[in-house]
Amino acid sequence: MSDEVAVRAEVVRPEDLGPAETARWIELQEADPELASPFLRPEMAVAIGRQWPDARVAVLHDGPEAVGFLPFHQGRLGAGRALGLGLTDWQGAILAPGTPWDAGALRRATGLAVWEFDHLVPSQAEALAVRPLALHASPVMDLSGGWDAWVARRAGSGRIKKALYHGRRLGRQVGPVESELDTSDPADLDVLMGWKSAQYRRTGRRDRFAQPQIRELVRDLVTSHTPGFTAHLSTMRVDGRTVAACLALRSHHVLAHWFPAYDTDLHRYQPGLVQLLEMVRLSAEDGVTTFDLGAGEHDYKDSFKDSELTVASGTVHGPGPAAWLHRARTVPPRVATDFVLAHPKLRQAARRGLQRVGTLRS
């Protein structure tokens with residue numbers, strides 16, 4: 001968005017968007033395939049806004065009609081963060097086709113001193129001149145040809161063969177395996193959150209589900225469906241008992257893998273991997289053409305992916321004391337973190353250290 005364009009931003013809470021503005025948001029999003037992620041839907045912004053009072057949406061105007069929307073958290077002293085920072089896997093502005101992207105102009109139009117992000121969409125990341133800017137691979141699966149075509153492409157993958165083998169082994173040794181793309185049983189969500197909390201503690205990471213707002217957010221999402229947006233609580237049961245689950249978000253043909261977990265008592269059968277494969281099959285059969293695995297370093301993603309997109313983390317700073325304070329507080333730790341993530345040996349050492357912390361914590 002160039003400085004020559006007279007952009008006017010009206011900042012509102014997500015739930016205060018009117019029907020016409022919501023429809024325009026969806027229209028702009030559906031006009032750009034890169035913005036198809038469910039994390040960028042207005043329903044997601046409204047759900048986050050119900051839990052975080054600082055959630056805002058800048059409605060951008062160039063003339064009488066809205067030309068874009070920027071969802072964000074509005075902190076003190078003009079410190080803005082991408083909506084769902086640290087939680088969502090796709091962030092950015094929803095802009096009309098052909099509208100130039102200028103994060104600095106957007107920041108000024110919204111009155112922010114700082115705008116921070118950690119999963120900025122690829123084209124908007126490429127257009128940024130901000131430094132330091134860390135780039136992260138975000139693997140995706142192409143299911144447009146259906147399940148059979150995807151499995152045929154993966155015929156040589158040892159991990160996929162192992163998942164198919166363990167699925168058959170589960171059925172033989174434990175009991176009948178049944179999978180659902182979306183269950184209506186709220187008890188499964190509680191089980192999933194319990195497993196995920198235990199996984200966070202076991203691996204030395206911050207337990208997201210210890211935060212009441214996140215627990216309430218996911219409970220809200222699984223009960224709030226619209227024609228273009230839904231949360232799938234996908235489950236796998238063995239002999240009637242839930243042994244693996246995943247909360248995923250869906251926008252039309254795009255499904256985003258979000259919170260997976262499994263019963264560690266059955267770890268020798270790799271139930272998480274088996275359930276992911278079942279989820280892929282059911283998604284393809286239900287019309288999903290893009291399965292977003294999300295950014296992050298996991299070996300299984302390399303086995304399942306068809307391609308990678310690139311998301312970015314960084315900060316757009318303006319002038320003034322608030323921006324300088326934010327830069328002094330956040331840039332050195334982020335530079336150190338990004339350096340570790342960019343070097344496999346350091347990343348592995350850090351992961352081992354976290355696991356040791358998790359063992360002591362457990």
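In this chain, residues are counted from 1 in sequence order.
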message: Using the rule given for side chain to side chain contact (heavy atoms under 4.5 Å, CB included), can you reason through V274 versus Y165, listing the C-alpha separation, both sets of side-chain angles and the distance that settles it, and then say yes or no?
response: CA-CA 9 Å; V274 175; Y165 163 74; over 6 Å; no
- request: Could you tell me whether the side chains of T183 and D185 share a donor-acceptor contact shorter than 3.5 Å?
  value: no
query: Between R219 and D190, is there a salt bridge with N-O shorter than 4.0 Å?
result: yes
message: What verdict does the ring pair (Phe, Tyr, Trp, His ring centres under 6.0 Å) test give for F39 and W258, after you've listed the backbone C-alpha separation in whole Å, the side-chain angles of each residue and the deciding distance to 0.1 Å?
response: CA-CA 10 Å; F39 288 110; W258 198 17; 5.5 Å; yes
query: What class does the angle between the rings of W115 and F117 fall in, given that below 30° is parallel, 30 to 60° is tilted and above 60° is perpendicular?
result: tilted
- prompt: More than 12 heavy atoms of other residues, nucleotides or ligands under 6.0 Å from NZ of K305: is that the case?
  reply: yes
- prompt: Quick one: do R41 and E30 make a salt bridge, cutoff under 4.0 Å?
  reply: yes
- request: State plainly whether one hydrophobic cluster holds both L40 and V59, where clusters connect Ile, Leu, Val, Met, Phe, Trp and Tyr through side-chain heavy atoms under 4.5 angstrom apart.
  value: yes
- line: Given the options D89, T88, V254, P38 meets side-chain contact (heavy atoms from CB on, under 4.5 Å) only with V254
message: Pairing donors with acceptors under 3.5 angstrom, does anything connect the side chains of Q270 and Y262?
response: no
message: Between R237 and D188, does any side-chain N to carboxylate O distance fall below 4.0 Å?
response: yes
statement: By side-chain contact (heavy atoms from CB on, under 4.5 Å), R281 pairs with (sequence neighbours left out) W147, E278, E285
message: I'd like to know if R241 and D263 make a salt bridge, using a cut-off of under 4.0 Å between side-chain N and carboxylate O.
response: yes
query: What residues form a side-chain contact (heavy atoms from CB on, under 4.5 Å) with E27, not counting sequence neighbours?
result: R24
- prompt: How about Q275 and S179: does a side-chain donor come under 3.5 Å of a side-chain acceptor?
  reply: no
Ring centroid separation F209 to W195 under 6.0 Å: no
message: Strictly below 4.0 Å, N to O, side chains only: are R250 and D182 in salt-bridge contact?
response: no
- prompt: Does D16 pair with R56 as a salt bridge, N-O distance under 4.0 Å?
  reply: no
field: F259-L221 co-clustered via ILVMFWY side chain contacts under 4.5 Å
entry: yes
- prompt: Would a hydrophobic clustering, with Ile, Leu, Val, Met, Phe, Trp and Tyr connected at side-chain separations under 4.5 Å, put V222 with V288?
  reply: no
query: Should R8 and D62 count as an ion pair when the cut-off is N to O under 4.0 Å?
result: no
- request: Determine whether the side chains of S313 and H136 contain a donor N or O and an acceptor N or O closer than 3.5 Å.
  value: yes
Test item: side-chain donor near acceptor, T226 and E43, under 3.5 Å: yes
message: Taking F69 as the starting point, is it possible to reach V121 by hopping between hydrophobic residues whose side chains are less than 4.5 Å apart?
response: yes
